[in-house]
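One structure is given here, and the rest of the page talks about it.
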Amino acid sequence: MIFDRVTNEARVKALHAAGGLPKGDSTGWKSVDPLYTVGMGQFTLVTGTPGSGKSEWLDAAMVNLAKQGDWRFVIYSPENQPLELHYAKIIEKYIGKPFNPGPTKRLDDEELDGALDWMHGKFHFAKPNRPEIVTILREALELEMATGKLGIVIDPWNFLEHHRTPGMSETEYVSSVLSEVLTYVREHRVHLWLVAHPSKLQRNKDGKLPVPTPHDVSGSVHFWNKADNCITVWRDASDYANPNVDIHVQKVRFKHIGHVGLATLLYDRITGRYSDKAPEGLSWAVA
């Protein structure tokens, strides 16, 4: 099939008249947005060492997107089950108060009801009979959406079922599956976040784990090759009190979406929220 030249020329002209290729939606953090925004028809790989906060950061990003725009999410996150646990984590980020009792005042019944009403229709949790990535993606399209943007979260890759053809290497399998994933997200104009764990890393001389790259993701270098965007979430797991979390944007395929770089956020363990860390000499309000 040959592309329709007239139609595509018209689209290019319309984009130019509108001011050029648009950036994606804001992540909700002004320090992250110059590096990474959320574009439609794209696939973002998220990785990080155990305890780095990959899933926490991704939940916070979803809450930010849902607050500011007409976003809907389909989430497959077996590590965050039972589902009431995942609900509680999202509600904390939305309200900004802890779910459980403690020294900090917890959210009250009215705030809980309001948060549940807010989540309704925005967050959908997938429980497929066969947790295969293509099956989850196809079922996500069954979500009835008259308007709005669809985000799909699969967290993590190693909880999916994988069926390799006899004789096919893992690298060949990953390449084939991710090619199908890319075709899906392009065709249906959704955004997919896929969380994948790195393989075992060697500690540095100081005993700390290095910042992993997408090349370190267990299974295949094709996670790096195929993804439009690659993000590593990193924190010093040996320093429990340290609120700094580094967001390493290690690949951005399209320059109108962002560029490679590093942003540091502050993590509040009580609410699960992340806020911008102001550069030296500046004072930013912490949301």
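Keep in mind that what you see is a predicted model, and the values were worked out from it rather than measured. In what follows, every heavy atom counts, from backbone to side chain, and hydrogens, waters and symmetry copies are set aside.
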Task: Spacing of CD1 belonging to Ile90 relative to CG belonging to Asp59, to within rounding of 0.5 Å - done: 5.0 Å
- [ ] Please report the C-alpha distance between Val74 and Leu150 in whole Å, then the side-chain angles of each, then the deciding distance to 0.1 Å, and finally whether the side-chain contact (heavy atoms from CB on, under 4.5 Å) criterion is met.
- [x] CA-CA 8 Å; Val74 173; Leu150 177 61; 4.0 Å; yes
Open item on the list: Quiz question: by atom type and distance under 3.5 Å, do the side chains of Lys54 and Thr47 form a donor-acceptor pair?
Closed with: no
- [ ] Starting at OH of Tyr184, measure out to CD1 of Ile133 and round the result to the nearest 0.5 Å.
- [x] 10.0 Å
Open item on the list: Surrounding CG of Asp117 (heavy atoms of other residues, nucleotides or ligands, distance under 6.0 Å), is the total greater than 12?
Closed with: yes
Task: Sub-4.5 Å side-chain heavy-atom contact between Lys277 and Leu266 - done: yes
Open item on the list: Measuring centre to centre across the rings, with the benzene-like ring taken for any Trp, is Phe159 within less than 6.0 Å of Trp157?
Closed with: no
- [ ] Check Pro34 against His259 and note the closest heavy-atom contact, atom names and distance.
- [x] O-CD2, 3.3 Å
Task: Shortest non-hydrogen contact from Pro198 toward Gly48 - done: CD-O, 3.1 Å
Task: Shared hydrophobic cluster, Leu262 / Leu265 (ILVMFWY, side-chain heavy atoms < 4.5 Å) - done: no
Open item on the list: Would you say that Val217 contacts Leu45 through its side chain, given a criterion of any heavy-atom pair below 4.5 Å between the two side chains?
Closed with: yes
Task: Geometric class of the His256/Phe254 ring pair [parallel <30°, tilted 30-60°, perpendicular >60°] - done: tilted
- [ ] Please work out which of the three classes, parallel, tilted or perpendicular, describes the rings of Tyr36 and Trp57, given edges at 30° and 60°.
- [x] tilted
Task: Contact check, side chains of Ser55 and Asn80, non-hydrogen atoms, under 4.5 Å - done: yes
Task: From CH2 (Trp71) to CE (Met62), nearest 0.5 Å - done: 11.0 Å
TODO: Indicate yes or no for a side-chain donor-acceptor contact from Ser169 to the backbone of Glu172 under 3.5 Å, with no hydrogens or angles considered.
DONE: yes
Open item on the list: Looking at Arg273 and Glu92, is any side-chain nitrogen of the basic one under 4.0 Å from a carboxylate oxygen of the acidic one?
Closed with: no
Task: Near-ring test His124/Phe73, centroid separation under 6.0 angstrom - done: no
Task: From Tyr87, Tyr94, Trp118, residue fulfilling ring-ring contact (aromatic ring centres under 6.0 Å, His included) relative to Phe123 - done: Trp118
Open item on the list: Using only atom types and a distance under 3.5 Å, with no angle test, would you say the side chain of Thr232 pairs donor to acceptor with the backbone of Pro212?
Closed with: yes
Task: Stepwise side-chain contact (heavy atoms from CB on, under 4.5 Å) check, Ser77 with His86 - done: CA-CA 9 Å; Ser77 183; His86 208 166; 3.8 Å; yes
Open item on the list: Using side-chain heavy atoms (C-beta onward) and a distance below 4.5 Å, is Asn242 in contact with Arg235?
Closed with: no
Open item on the list: Could you see if Trp234 belongs to whatever hydrophobic cluster contains Leu194? Use Ile, Leu, Val, Met, Phe, Trp, Tyr and a side-chain cutoff under 4.5 Å.
Closed with: no
Task: In one Ile/Leu/Val/Met/Phe/Trp/Tyr side-chain cluster, 4.5 Å: Ile75, Leu83 - done: yes
- [ ] Compare every heavy atom of Gln250 with every heavy atom of Pro214, then report the nearest pair and how far apart it is.
- [x] CD-OE1, 2.8 Å
- [ ] Say whether, by atom type as modelled, one donor and one acceptor occur between the side chain of Ser179 and the main chain of Ser175 under 3.5 angstrom.
- [x] yes
Task: Nearest atoms (heavy-atom pairs only) where Tyr76 meets Ala126 - done: CD1-O, 3.6 Å
Open item on the list: Quick check: is Leu65 connected to Leu35 through a chain of hydrophobic side chains (ILVMFWY, heavy atoms under 4.5 Å apart)?
Closed with: yes
Task: Distance-only donor-acceptor check, side chains His163 and Arg130, under 3.5 Å - done: yes
Open item on the list: Please find the pair of heavy atoms, one from Lys23 and one from Ile257, that lie closest to each other, and give the distance.
Closed with: NZ-O, 3.6 Å
- [ ] With rounding to the nearest 0.5 Å, note down the distance linking CD in Gln81 to NZ in Lys127.
- [x] 5.5 Å
TODO: For Leu137 and Ile152, run side-chain contact (heavy atoms from CB on, under 4.5 Å): C-alpha distance rounded to whole Å, both residues' side-chain angles, the deciding distance at 0.1 Å, then the answer.
DONE: CA-CA 8 Å; Leu137 295 178; Ile152 303 171; 3.8 Å; yes
Open item on the list: Looking at Arg72 and Gly151, would you say the former's side chain and the latter's main chain have a donor-acceptor pair under 3.5 Å?
Closed with: no
Task: Polar side chain donor-acceptor pair, Asn229 to Lys251, under 3.5 angstrom - done: no
- [ ] Please determine if Arg186 and Glu180 form a salt bridge, counting it only when a charged side-chain N lies under 4.0 Å from a carboxylate O.
- [x] no
TODO: Evaluate the side-chain proximity of His188 to Leu141: yes if any heavy-atom separation is below 4.5 Å, no if none is.
DONE: yes
Task: Rounded distance (nearest 0.5 Å) linking atom CD1 of Ile270 with atom CG of Asn100 - done: 12.0 Å
Task: Residues Asp33 and Thr27: side-chain donor-acceptor under 3.5 angstrom - done: yes
Open item on the list: Are more than 12 heavy atoms, taken from residues, nucleotides or ligands other than Asp113, located less than 6.0 Å from that residue's CG atom?
Closed with: yes
Task: Which residues share a side chain to side chain donor-acceptor pair (under 3.5 Å) with Gln68, sequence neighbours left out - done: none
TODO: Test side-chain contact (heavy atoms from CB on, under 4.5 Å) on Val211 and Asp246 and set out the steps.
DONE: CA-CA 9 Å; Val211 177; Asp246 292 337; 6.0 Å; no
Open item on the list: If I take atom OH from residue Tyr173 and atom CG from residue Leu178, how far apart are they, to the nearest 0.5 angstrom?
Closed with: 9.0 Å
Open item on the list: I'd like to know if Lys149 and Asp70 make a salt bridge, using a cut-off of under 4.0 Å between side-chain N and carboxylate O.
Closed with: no
- [ ] For atom NE2 of His215, decide whether the heavy atoms of other residues, nucleotides or ligands shown that lie under 6.0 angstrom number more than 12.
- [x] no
Task: Leu160 and its side chain to side chain contact (heavy atoms under 4.5 Å, CB included) partner, picked from Ile136, Thr135, Val177 - done: Ile136
Open item on the list: For Trp193 together with His191, are the ring centres under 6.0 Å from each other?
Closed with: yes
Open item on the list: Same cluster or not: Val260 versus Ile247, using hydrophobic residues (I, L, V, M, F, W, Y) connected whenever any side-chain heavy atoms lie under 4.5 Å apart?
Closed with: no
Open item on the list: What I'd like to find out is whether the side chain of Thr44 reaches to under 4.5 Å of the side chain of Leu192, using heavy atoms alone.
Closed with: no
TODO: Please examine the side chains of Lys97 and Thr104, heavy atoms only from C-beta on, and report whether any two atoms are closer than 4.5 Å.
DONE: no
Open item on the list: Is the shortest side-chain heavy-atom distance between Val233 and Val245 below 4.5 Å?
Closed with: yes
- [ ] Might you confirm whether atom CD of Glu110 has over 12 heavy atoms from other residues, nucleotides or ligands at distances under 6.0 Å?
- [x] no
TODO: With Arg269 as the cation and Tyr240 as the aromatic partner, state whether NZ or CZ is under 6.0 Å from the six-membered ring centre and within 45° of the axis.
DONE: yes
Task: Minimal non-hydrogen separation, Thr271 against Gly96, with atom names - done: CG2-O, 3.2 Å
Open item on the list: Could you check whether any side-chain N or O of Asp276 sits under 3.5 Å from a backbone N or O of Ser31, counting only pairs where one atom can act as donor and the other as acceptor?
Closed with: yes
